[in-house]
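First up is the structure itself, then whatever we jot down about it.
The model shown is predicted, which means the values in this text are computed figures rather than measured ones. Per chain, numbering begins at 1; letters A, B, ... match sequence-line order.
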Amino acid sequence: MSMTPVFSVFLSLFSTILVLPLAHLAGRKAKFVWPLTTLVISCLFYVFSLAAVDLSAPGLNLWVIGFVVSFIVAGLLYGIEKLTVNTASVAEYLARSSGQLVFPFVFLMAFVQFTTVVLRYIFGVNFIAMQESVTYLHGAIFMLASGYALLTNDHVRVDIFYSTVSEKYRAAIDLAGVYLFLFPFCLVTLWASAPYVANAWSVREGSTEQSGIQAVFLLKTLIPIFAVLLASAGFTKALEASESLLRRPFDAPNTASNDHASVL
Amino acid sequence: MELLSNNGLCLCGVAAWLDVAMIVVLCTLILAGFPVAFTLAGVALLFAFIGLSFGVFDISFIQPFPQRIQGAITNTTLTAIPMFILMGVILEKSKIAEELLDEMAKLFGTMRGGLGISVTFVGTLLAASTGIVGATVVTMGLLSLPTMLRRGYDPAFATGSIAAAGTLGQIIPPSIVLILLGDVISNAYQKAQLEQGVFAPETISVGDLFAGALLPGLLLVGLYLAYQIWTAAFAPQKAPAIPQTEMGSKSDVWRAAMRTLPPPLILIFSVLGSILVGAATPTEAASVGAIGALLIAGGRLAPSGRGLMSNQTIYAGAGALIGLLLLTTFIDLRLGRSSINLFERGSILIAFLLCGVVFLSIVISAMHLKNEKIISTIADQTVRVTTMVFAILIGAAMFSLVFRGLGGEETVQAALNSIPGGVVGAVIGVMLIMFLLGFFLDFIEITFVVVPLVAPSLLKMGIDPIWLGVMMAINLQTSFLTPPFGFALFYLRGVAPDTISTAHIYRGAIPFIGLQVVALIMLTLLPGIATWLPNYLYR
């Protein structure tokens with residue numbers, strides 16, 4: 001798994017942005033904490049990439065350092081507060097709108113599948129492209145909506161403990177979870193899917209069937225998009241958690257409403 | 001990694017325990033309350049990182065991760081899940097479930113314990129139509145519980161009946177847990193056979209598992225009913241009867257029931273029947289179920305009377321669908337043949353027209369849902385639940401990749417082999433572990449994390465895969481009822497009035513958990529309950 005320089009730069013900038021909500025926790029000192037945290041994480045990465053050579057982790061070449069440093073400088077000049085808030089609103093819009101984008105897909109999927117059934121069992125006709133489009137819709141639904149479901153708090157929690165603690169503890173759990181579990185997962189997914197997707201694009205991978213939909217490379221592209229959307233929703237969540245932790249305890253009302261997938 | 005090992009540090013001891021530590025850490029961190037899907041993936045990555053540092057983990061184990069996601073996207077059986085969820089959400093949001101409950105209560109309410117029995121019946125019907133536990137429990141908790149309490153039912157008995165009836169959705173096909181289990185177990189079965197040197201492995205399908213779960217599901221319904229009748233007979237103060245005069249005349253009740261019952265019943269029989277006789281795959285049947293539910297909802301929402309937008313169009317659509325079925329049974333309607341005679345041509349034309357009518361009625365049903373402003377709620381709910389299920393699948397995929405990379409499979413296999421009592425001991429051990437995990441984990445997590453680990457080893461011991469699947473499904477169903485973290489109890493708590501204490505709900509669930517255990521024991525003694533129907537249908 002070798003990494004192209006462009007992709008390393010992308011991944012590093014992406015991670016740098018993801019540090020913002022954590023830095024937000026430092027309040028006024030955020031402008032020092034942000035570069036510092038980024039530096040610490042980069043160093044960790046560097047040590048790790050030395051320790052595990054076969055990993056080809058995003059190394060710290062000059063390009064990466066140059067881009068990250070200039071990005072941080074630009075961000076600080078722009079104003080870190082403004083940058084964080086604006087990024088969060090963009091991220092939230094991205095995650096939410098792509099979740100709502102797939103609403104019609106559920107009906108469309110059932111309808112197309114139903115039509116396929118009628119055509120096959122009654123008229124003995126089979127359109128492979130039509131059958132495959134159900135797969136595309138199915139994949140799009142949960143890959144594009146995963147960030148949205150995170151925003152709406154629909155991912156199942158084991159909340160024996162979580163439901164009994166105060167708003168502050170919840171915010172702390174959420175913040176820790178986003179940084180310990182969610183962001184690493186998103187970054188690893190991006191990193192692991194890059195060669196897979198690049199490969200599919202380079203040959204414009206299509207269906208194995210002649211009359212199928214020749215867009216498997218697009219279907220596979222859903223994987224990195226999934227990671228980005230999930231990270232976007234995570235960004236928003238983390239910022240919310242930071243804000244909530246910064247608030248004084250008494251003006252934090254306990255809004256437990258977890259309008260959770262009460263269906264399953 | 002050379003850095004560390006060259007320094008002369010022997011960390012082999014730590015390394016051997018990483019897979020076990022991973023499970024322990026997962027179980028601890030999952031309790032913190034961060035979404036399970038990402039906790040699974042995150043813990044996996046944490047341990048991959050530690051393993052890498054100790055040089056006992058090969059990064060190439062993570063590389064197939066994108067293929068795993070791609071597999072979840074292209075798996076045609078899993079495609080059934082969003083459509084079954086859609087079907088259930090439509091039935092819930094268009095208040096069809098409520099109507100059913102109302103009618104059943106009137107039908108049975110005049111018996112002692114009748115309200116409890118009606119809850120079990122409706123639970124069974126809803127279970128057979130899609131089996132979404134939360135929706136069923138919430139609906140019944142909102143509608144039946146207040147009535148039952150007002151009529152003097154014992155709170156524990158009432159809540160227990162509702163929670164248990166709600167969980168039937170897990171075991172009576174078509175159910176989501178059976179689809180997921182079917183997928184996992186068929187993979188495990190092939191793996192087990194390949195490892196035993198069978199290179200043309202037998203397969204089991206989700207249809208097999210559906211057929212296998214049908215009789216055990218009905219057995220459970222029977223057990224619930226028996227318990228309710230027994231309670232009504234020997235402790236009448238817990239389940240009093242309602243005087244006939246308060247329910248309206250008998251003939252009115254029957255007439256109303258005749259109007260509301262048939263559409264969902266037809267839907268259930270067509271969806272389930274087409275899967276069981278092997279005419280349709282679960283995915284195909286799911287789409288028919290979703291469209292059928294849409295039509296039923298449309299028929300209920302549309303104003304009666306005449307005109308394009310009235311419910312007559314919907315009835316016409318349903319009629320056209322039946323007409324199509326009849327037409328295709330008797331006349332060859334296939335296009336693309338070399339010679340089609342005049343009669344067949346005419347029939348094909350009629351079939352096209354009927355399709356047009358069906359299409360029209362679907363569109364009009366959808367328009368009514370839109371006018372009632374529930375169409376986007378339905379889509380929203382379906383998207384969220386689907387995403388939640390698949391996120392766990394993805395997280396669990398990462399977890400199992402890393403767990404395998406750390407040598408966890410061998411550990412599990414060794415552990416299973418070391419349980420005394422051979423096959424029986426291993427099965428009991430696994431069932432016990434799943435039962436205990438069910439106290440605080442959700443069925444989806446258990447299915448994706450635990451089952452792939454234990455199933456291959458168990459199947460290698462020569463256990464029937466269908467029987468195993470059904471046993472696991474009942475076990476997972478029980479996890480919905482076990483305090484403190486049974487989901488059915490949670491949902492019920494959410495909608496129950498404040499006069500009901502959580503202790504009532506827990507106490508009410510206990511007899512039903514006992515019945516689940518009875519069913520598991522019966523299945524162990526008489527495995528034919530699970531294996532007879534699939535053998536009869538498919539072999």
Side-chain angles (χ1 to χ4, degrees), chain A residues 1 50-52 54-55 99 102-104 106-107 109-111 113-114 117-118 121-125 134-135 138-139 141-143 145-146 148-150 152 154-162 170 173-174 177 180-182 184-185 188-189 192-193 196-197 219-220 222-223 226 261-264, chain B residues 1 3 30-39 41-42 45 52-53 59 62-63 65-66 69-70 73-74 79 82-83 86 89 132-135 138 283-284 287-288 290-291 324 328 333-336 351 355 376 379-388 390-392 440-442 484-485 491:
Chain A
M1 270 199 258
L50 284 186
D54 53 334
L55 183 63
V102 300
F103 281 10
V106 290
F107 289 101
M109 180 182 173
F111 183 72
Q113 180 68 55
F114 178 71
V117 171
V118 170
Y121 288 94
I122 293 175
F123 299 110
V125 205
V134 175
T135 299
H138 167 69
I141 288 173
F142 65 88
M143 296 301 273
S146 52
Y148 172 68
L150 187 67
T152 55
D154 273 299
H155 290 293
V156 179
R157 300 168 184 269
V158 175
D159 55 359
I160 306 176
F161 173 69
Y162 191 82
R170 284 188 209 174
I173 290 169
D174 278 348
L180 283 178
F181 303 146
L182 186 69
F185 170 64
V188 168
T189 306
S193 66
Y196 183 70
V197 176
L219 193 61
K220 288 185 173 172
L222 282 174
I223 299 171
F226 157 83
S262 63
V263 182
L264 261 176
Chain B
M1 62 181 171
L3 277 181
I30 231 171
L31 290 174
F34 195 69
V36 174
F38 311 118
T39 311
L45 290 174
L52 273 170
S53 321
I59 195 72
I62 292 187
Q63 277 171 349
F65 182 58
I69 300 184
Q70 185 67 11
I73 295 175
T74 52
T79 313
M83 292 190 277
L86 176 64
V89 176
I132 297 181
V133 173
V138 167
T283 312
E284 290 166 342
S287 74
V288 176
I291 296 292
L324 269 176
T328 193
L333 298 173
R334 282 174 301 138
L335 306 170
C355 283
S376 65
D380 190 5
Q381 189 79 288
T382 310
V383 165
R384 291 181 190 195
V385 178
T386 307
T387 308
M388 184 266 286
F390 280 93
I392 297 178
F440 65 101
L441 280 187
D442 186 3
F485 199 65
Y491 297 141

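- The choice from B/Thr386, B/Thr382, B/Thr39 that makes the most heavy-atom pairs within less than 4.5 Å of chain A is B/Thr39.
- Options A/Pro184, A/Gly139, A/Gly177 differ in how many heavy-atom pairs under 4.5 Å they form with chain B, and the most are formed by A/Gly177.
- In this view, A/Tyr196 and A/Lys220, A/Ile223, B/Pro66, B/Gln67, B/Gln70 satisfy the side chain to side chain contact (heavy atoms under 4.5 Å, CB included) rule, not counting sequence neighbours.
- Closest non-hydrogen pair, B/Pro35 versus A/Leu150, comes out as CG-CD1, 4.3 Å.
- Both the backbone and the side chain of A/Ala110 come within less than 4.5 Å of a heavy atom of chain B.
- Contact count versus chain A (heavy atoms, under 4.5 Å) is highest, among B/Thr328, B/Val36, B/Ile291, for B/Ile291.
- Proximity of B/Leu324 to A/Tyr121: side-chain heavy atoms (C-beta onward) are nowhere separated by under 4.5 Å.
- Expressed to the nearest 0.5 Å, how far CZ of A/Phe107 lies from CG of B/Leu86 amounts to 5.5 Å.
- Interatomic distance, OG1 of B/Thr79 versus CE of A/Met109, reported as 5.5 Å (0.5 Å rounding).
- To the nearest 0.5 Å, the span separating CG on B/Leu335 from CZ on A/Phe123 amounts to 6.5 Å.
- The residue among A/Phe161, A/Phe185, A/Phe226 with the most heavy atom pairs within less than 4.5 Å of chain B is A/Phe185.
- Classified by interplanar angle (parallel below 30°, tilted 30° to 60°, perpendicular above 60°), the ring pair B/Phe38/A/His155 is perpendicular.
- Counting heavy-atom pairs closer than 4.5 Å to chain A, the top residue among B/Ile392, B/Leu333, B/Val288 is B/Leu333.
- Among all heavy-atom pairs drawn from A/Gly124 and B/Arg334, the shortest one is CA-CG, 3.6 Å.
- Side-chain atoms of B/Phe65 and A/Val188, non-hydrogen and from C-beta on, never get closer than 4.5 Å to each other.
- B/Phe34 and A/Phe181 have tilted rings, their planes meeting at an angle from 30° to 60° on a 0 to 90° scale.
- Ranked by heavy-atom pairs under 4.5 Å with chain B, the first of A/Leu180, A/Leu219, A/Val134, A/Leu222 is A/Leu219.
- Note that CZ of A/Phe103 is 7.0 Å distant from CZ of B/Arg384, once rounded to the nearest 0.5 Å.
- In this structure, chain B has heavy atoms under 4.5 Å from both the backbone and the side chain of A/Phe111.
- Side chains of A/Asp154 and B/Thr387 form no contact here, defined as non-hydrogen atoms less than 4.5 Å apart.
- Of the atoms belonging to B/Ala351, heavy atoms from both backbone and side chain fall under 4.5 Å from chain A.
- Considering only heavy atoms from C-beta on, A/His138 comes within 4.5 Å of B/Phe390 through its side chain.
- In terms of non-hydrogen atom pairs under 4.5 Å with chain A, the most contact-rich of B/Asp380, B/Ile69, B/Leu45, B/Thr74 is B/Asp380.
- Of the residues considered (A/Val106, A/Ile122, A/Val117), A/Ile122 shows the highest number of contacts with chain B, using heavy-atom pairs under 4.5 Å.
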